[in-house]
Amino acid sequence: MARQVTLNRRMVNTAVAWAFGLLIFFPILWTILTSFKTEAEAISLQPSLFDFDWTMENYQEVNSRSNYPRYFMNSVIIAFGSVILGLIIAVPAAWAMAFVPSKKTRGILMWMLSTKMLPPVGVLIPIYLLFRDWGLLDSRVGLVFVLTMVNLPIIVWMLFTYFREIPGEILEAARMDGASLKSELIHVLTPMALPGIASTMLLNVILAWNEAFWTLVLTTTNAAPLTQFIASYSSPEGLFYAKLSAASTMAIAPVLILGWFSQKQLVRGLTFGAVK
Amino acid sequence: MQKSAIALTVAAMAAGVSLSASAETLTIATVNNGDMVRMQKLTDDFTSKNPDIELEWVTLEENALRQKVTTDIATKGGQFDVMTIGTYEVPIWADRDWLLPLEGLGDDYDVDDILPAIRGGLSVDDKLYAAPFYGESSMVMYRKDLMEKAGMEMPEAPTWEFIGKAARAMTDKDNEIYGVCLRGKAGWGENMAFLTATANSFGARWFDMDWNPQFDSQPWADTLNFYVDLMNDAGPPGSSSNGFNENLTLFQNGQCGMWIDATVAASFVTNADDSKVADQVGFALAPDNGLGKRGNWLWAWSLAIPAGTEKEESAKKFVAWATSKAYAELVAANEGWANVPPGTRTSLYENPEYQKVPFAAMTLASIQAADPTNPTVEEVPYVGVQFVAIPEFQGIATSVGQQFAAALAGQSSVEDALKNAQSLTERAMKKAGYPK
């Protein structure tokens, strides 16, 4: 009887999880389907899910109009570059806050988080002027720097949370065995926190990939990533929904694939220390 | 033999590198619309005539583009050599010396051929600061079959009273047919473009000669009451969320009897590939109220050269090419006369081939009916038909648009919306230091 109840409960849980998952995934699915429709079918007021004339013309048009590989490479460089630089800064910072906290640590953490509450447009002009004077406008280096700063509070917070779950005694033992600070960080702490570091990296790559304020304002052609690729197909005066959907699909496909293959790692990292 | 072949190859490569290194690259910011995309496809014509100039495009949705080019020009960022801007920006930016005057565009450019209304909107002190790529006004697009079914006939120059009657007669809510589709989405370029132009024809104005807001005047009350009542009786549900694209979708799917919006929509609604009602569309001038002003706007997407560019000569060559008579002929030869950018040159409308395009005459008449330097019945201190060419307008009009959208959605009364519009505009203008 108890077994039956457990089985029923599991089936209900699975059904709810699937329903929830489909609900979240539906807009993405709709975008992908629309990308294979004609513009007329895309705006039809009696839309059909699968029963339409599938066409590749939107992808052909997008490919002929835009240099997708250049946008893609810029996105890869900017997203991974900013997260790697962020991790290099954040690992020692989070280590210090987790294992050698001071009275001000909590305050510093809260202050770092509060910078995320500032609307980006509030610092647009000073940053733009700095970039202009330093020759960083439309450069990948500039964007890597800005996105590192934008995501650094989240990276530090996530790593701090993971590091706190690691018993300090293990690090102490390493120190007693004569490990230097560098060895302690690289050979002891990092391997133990690898799931957390990996999930932090993945989550922040996704955030950097999707960032659509600084990447639009600070770039023109050389460093323009996929966010600008999508924005070039949006129009308030003219129906280009199918082409916009094709561009969106091409822009989100890499990050969807990355998320799919790393979902185990992501979930493991995100739930790290959640259940004791 | 092999050595000389290698030497030749290296020399050829070096020549290629040197040619490419000597070429000047123009970075051009444009909006994403059919005409601009077509221009990008035809630029081989320009680069073949100017092999020393390369073109890099930054194409964006218009609000993103506006934010980007405004930031760049205000901070002298120098990221662009040619910018696509509208009639709203030109007088403000020219006044601040942010744009280069467009002189010396070539002997065959023929500046006098540009339509006077458009040229007036792009000039300051009689100097042209942007060359029009395409111009638009607004007009009535209507379903001939539904009009006939309603037992009415659309005059060439209808009044608002006629539009109200016809819209109510054409409405068949059971079959999801709505007599009129109008912009309702809040925004200075959305509902406020339509309502400001409409208000002009009702005798309203944004400011008096001392820059005092006029939303507490009777003409504004008449305008907003007429609009809200009409949309409640004959508009589609949820119209406070509808902009150009939403109404275009409704019209193309056969659910609107009339649609009053940009003349550029004419080519979309008559395109049989996308529109279910392509063969039933008629056109008429934007309505009036017998006060001497019609409810139509005037806009031109235009190419301008920022004052900070170091490539002025190349930029001028490009602007001259893209806005020339020869470009219109190039488009016609490649894509047909119906796809030539409309609303910029008199010669286009004198061309017998272009006159065959069904919406050509009405587009020209609509543009000619708008006067950006004298937009209202009573005198005003500003320039602009559907906008007021001051930097504060975008913010104020978007806030006012939110009040009017709330009235349309039934969340507030017309009286309250106008009262709020008056007080928020007074506050913003005082803060901005008006009267100046």
> Can you tell me which portion of B:A262 sits under 4.5 Å from chain A's heavy atoms? Options are side chain, backbone, both or neither.
side chain
> Measure distances from A:I230 to the heavy atoms of chain B and classify the residue's part below 4.5 Å as side chain, backbone, both or neither.
neither
> Using non-hydrogen atoms and a 4.5 Å limit, figure out which bit of A:F229 sits close to chain B: side chain, backbone, both or neither.
neither
> Which bit of B:V37 comes within less than 4.5 Å of chain A, counting heavy atoms only: side chain, backbone, both or neither?
side chain
> Would you mind telling me which of B:N63, B:D72, B:N33 has the largest number of heavy-atom pairs within less than 4.5 Å of chain A?
B:D72
> Does A:F213 CZ have over 12 foreign heavy atoms under 6.0 Å away?
yes
> Is B:E56 salt-bridged to A:R70, going by a charged N under 4.0 Å from an acidic O?
yes
> Is A:T219 in contact with chain B via its backbone, its side chain, both, or neither, using a 4.5 Å heavy-atom distance?
both
> Fit a plane to each ring of B:Y88 and B:F387, take the angle between them on a 0 to 90° scale, and name the class: parallel (under 30°), tilted (30 to 60°) or perpendicular (over 60°).
perpendicular
> With a 4.5 angstrom heavy-atom cut-off, which part of B:K41 approaches chain A: side chain, backbone, both or neither?
side chain
> If you count heavy-atom pairs within less than 4.5 Å of chain A, which of B:Q255, B:Q40, B:E190 leads?
B:Q255
> Counting only non-hydrogen atoms closer than 4.5 Å, does A:F131 touch chain B with its backbone (N, CA, C, O), its side chain (CB onward), both, or neither?
neither
> Please examine the side chains of B:T59 and A:Y233, heavy atoms only from C-beta on, and report whether any two atoms are closer than 4.5 Å.
no
> Heavy-atom cut-off 4.5 Å, strictly under: side chain, backbone, both or neither for A:L129 against chain B?
side chain
> Relative to chain A, which of B:E176, B:E246, B:E62, B:K276 shows the most heavy atom pairs under 4.5 Å?
B:E62
> Using the six-membered ring wherever Trp is involved, compare the ring planes of A:W54 and A:F52 and label them parallel, tilted or perpendicular (cut-offs 30° and 60°).
parallel
> If you count heavy-atom pairs within less than 4.5 Å of chain A, which of B:T71, B:T30, B:L248 leads?
B:T71
> Specify which of A:S64, A:A231, A:A40, A:A224 makes the most heavy-atom pairs with chain B at under 4.5 Å.
A:A231
> For the residue pair A:L218 and A:L137, establish whether any side-chain heavy-atom pair is separated by less than 4.5 Å.
yes
> Checking heavy atoms, do the side chain of B:N253, its backbone, both or neither come under 4.5 Å from chain A?
side chain
> Between A:T227 and A:N210, is any pair of side-chain heavy atoms under 4.5 Å apart?
no
> When B:R183 is tested against each of B:N242, B:N191, B:N247, B:D261 for side-chain hydrogen bond (donor to acceptor under 3.5 Å, both in side chains), which residue passes?
B:D261
> Any side-chain donor-acceptor pair under 3.5 Å between A:S235 and B:N32?
no
